[in-house]
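By convention in this document, chain letters (A, B, ...) are assigned in the order of the sequence lines, proteins followed by strands, and residues within each chain are numbered from 1.
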There are 2 protein chains.
Amino acid sequence: MGRIPRRRSQKERSAETSSRLMAATIDLLHDRGITRATTPDIARAAGVSRGALTHHFPTRETIITASIANMLHLVNEDMRRFGKAFAESGGSSDEIVDYLWKVMSDRLFYVTMEYLPEARHNDEFKAQLVPVVREFHAGLDAIWTELAARTGADPEHTRNVMNATMCCIRGMIAQTILRQDQDYYEGLLRFWKEQVRQQFPGKAAGTAKKTRKRTAE
Amino acid sequence: MGRIPRRRSQKERSAETSSRLMAATIDLLHDRGITRATTPDIARAAGVSRGALTHHFPTRETIITASIANMLHLVNEDMRRFGKAFAESGGSSDEIVDYLWKVMSDRLFYVTMEYLPEARHNDEFKAQLVPVVREFHAGLDAIWTELAARTGADPEHTRNVMNATMCCIRGMIAQTILRQDQDYYEGLLRFWKEQVRQQFPGKAAGTAKKTRKRTAE
DNA sequence: ACTTACAAACAATCAAGCCTGTTTTTGAAG
DNA sequence: CTTCAAAAACAGGCTTGATTGTTTGTAAGT
């Protein structure tokens with residue numbers, strides 16, 4: 001029989017609805033793009049009414065910025081976990097590149113490309129995102145710094161290498177939209193790993209006999 | 001008194017109007033973004049009526065794709081010219097990086113970021129752009145190949161270095177939208193030039209005593 | 001009872017495509 | 001060289017459709 005769903009507190013209801021709305025927003029941002037992610041669509045995707053949406057997020061911009069902030073927080077946590085695990089297990093730098101590629105190309109940067117143009121033309125929207133992104137980048141920097149400390153590499157040099165890696169991956173992902181060329185990306189990524197490996201002369205070279213792929217798929 | 005403007009042929013009128021419309025389209029794509037670049041705005045910016053626009057370009061997509069194709073052709077020509085001049089004068093690889101950064105960050109990649117997301121969600125739009133972009137990339141590849149031939153470097157290696165450079169620049173420009181941090185970009189660019197220089201061991205190292213900044217600003 | 005969460009209808013806005021006129025150019029006949 | 005009808009270039013209004021923010025009404029929790 002239909003069990004009567006336990007009486008939930010307001011906080012629980014509110015938090016769950018918000019979460020579902022934000023998740024649906026990111027899904028739509030990724031799947032249909034920011035212009036097609038309309039408030040009726042978001043509400044429908046989240047399985048709630050548009051009224052519920054407007055109750056939690058008064059304007060469309062509000063829910064989008066909240067969703068982005070939420071997404072970046074989650075990604076940052078995941079990255080921190082990876083960084084910690086990596087430092088402890090002490091793998092090859094290839095694994096870092098593979099991990100970053102995976103995380104970035106699995107929605108993150110596609111979603112980013114949806115809102116960046118809007119941020120460029122909408123000052124209010126931009127103002128809300130700048131601190132969020134700043135925190136994200138600060139989180140990254142902390143991970144790179146810790147990585148440098150663990151591997152004994154120069155911190156600034158490590159930051160440069162990792163930031164360049166991130167930028168390179170961003171540029172590649174941008175290209176994937178209009179350039180379907182698996183060989184191109186694989187070749188470039190292989191080349192890049194080689195470069196990164198040479199930047200961590202001390203330890204990485206030894207551990208990496210090949211590329212023990214575990215994270216990549 | 002008002003001189004009667006010389007009687008122009010249909011071809012002249014048509015070509016000029018089209019050009020103005022396409023130029024206005026790119027301007028608006030850059031200045032206000034693809035969603036805000038409405039057909040009334042484009043017509044107004046070009047100084048023609050909306051009727052004229054619909055006469056030359058039946059749909060909004062048509063004028064946008066045409067404008068992008070036109071822009072990429074112009075950029076490709078400019079790059080070819082630079083490549084030729086560079087090969088003849090034989091400068092440092094730093095100059096290549098500076099040039100690419102300048103070209104890409106002077107509207108080109110910002111405009112690109114406007115239409116990439118749309119292409120990701122609009123198959124028809126994408127289908128029209130794929131060949132255009134393919135040609136653009138082919139043009140780039142030709143330039144890299146010629147560069148390798150002139151400097152005596154390995155062609156594939158050169159392509160990898162230059163493609164990585166392009167991707168890195170793309171990623172950096174994407175960041176510029178939400179991360180205002182001149183030092184960060186300058187530092188990263190300096191680091192990158194260093195890397196590139198090391199990839200052209202034969203000639204570049206000599207010419208570049210320091211970094212003769214001329215193009216960057 | 002009172003506040004919070006949710007539902008759904010409403011009004012104003014605005015862009016895209018279509019369609020109907022008007023002007024300019026063409027080219028061919030007289 | 002002039003005339004004139006057809007075609008191309010251009011101007012601007014109209015309709016439809018979709019979206020956002022607002023508002024009013026209802027149910028669930030405190």
Can A:Asp181 and A:Gln175 be said to form a side-chain hydrogen bond (donor to acceptor under 3.5 Å, both in side chains), step by step? CA-CA 10 Å; A:Asp181 188 346; A:Gln175 277 200 291; over 6 Å; no

Take the protein atom CD1 of B:Ile34 and the nucleotide atom C1' of C:dA15, then report the distance between them rounded to whole Å. 14 Å

Side-chain N or O of A:Thr17 closer than 4.0 Å to phosphate OP1/OP2 of C:dC6: yes

Check B:Arg107 with B:Glu114, please: is the shortest side-chain N to carboxylate O separation under 4.0 Å? no

Check this for me, if you would: do A:Asp98 and A:Lys193 make a salt bridge, where the nitrogen-to-carboxylate-oxygen distance has to be below 4.0 angstrom? yes

Measure from CZ on B:Arg13 to P on C:dT26 and round the result to the nearest Å. 9 Å

When you measure from the side-chain N and O atoms of A:Thr39 to the phosphate of D:dT19, is any distance below 4.0 Å, counting only OP1 and OP2? no

Determine, stepwise, if the pair B:Asp41 / B:Thr38 fulfils side-chain hydrogen bond (donor to acceptor under 3.5 Å, both in side chains). CA-CA 5 Å; B:Asp41 282 342; B:Thr38 67; 3.2 Å; yes

Electrostatic pair B:Glu194:B:Arg190 at N-O distance under 4.0 angstrom: no

Side chains of A:Gln180 and B:Arg134: closer than 4.5 Å at any heavy-atom pair? no

Along DNA chain C (nearest heavy atom to each residue), the more 5'-positioned of A:Lys11 and B:Lys11: A:Lys11

Interface residues of residues 43-70 of chain B with DNA chain D (non-hydrogen, below 4.0 angstrom): B:Val48, B:Ser49, B:Arg50, B:Gly51, B:Ala52, B:His55, B:His56

If I take atom CD in residue B:Glu118 and atom P in nucleotide C:dA16, what distance separates them, rounded to the nearest angstrom? 12 Å

When rounded to whole Å, the CD to P distance for the pair A:Glu16 and C:dT4 reads 20 Å

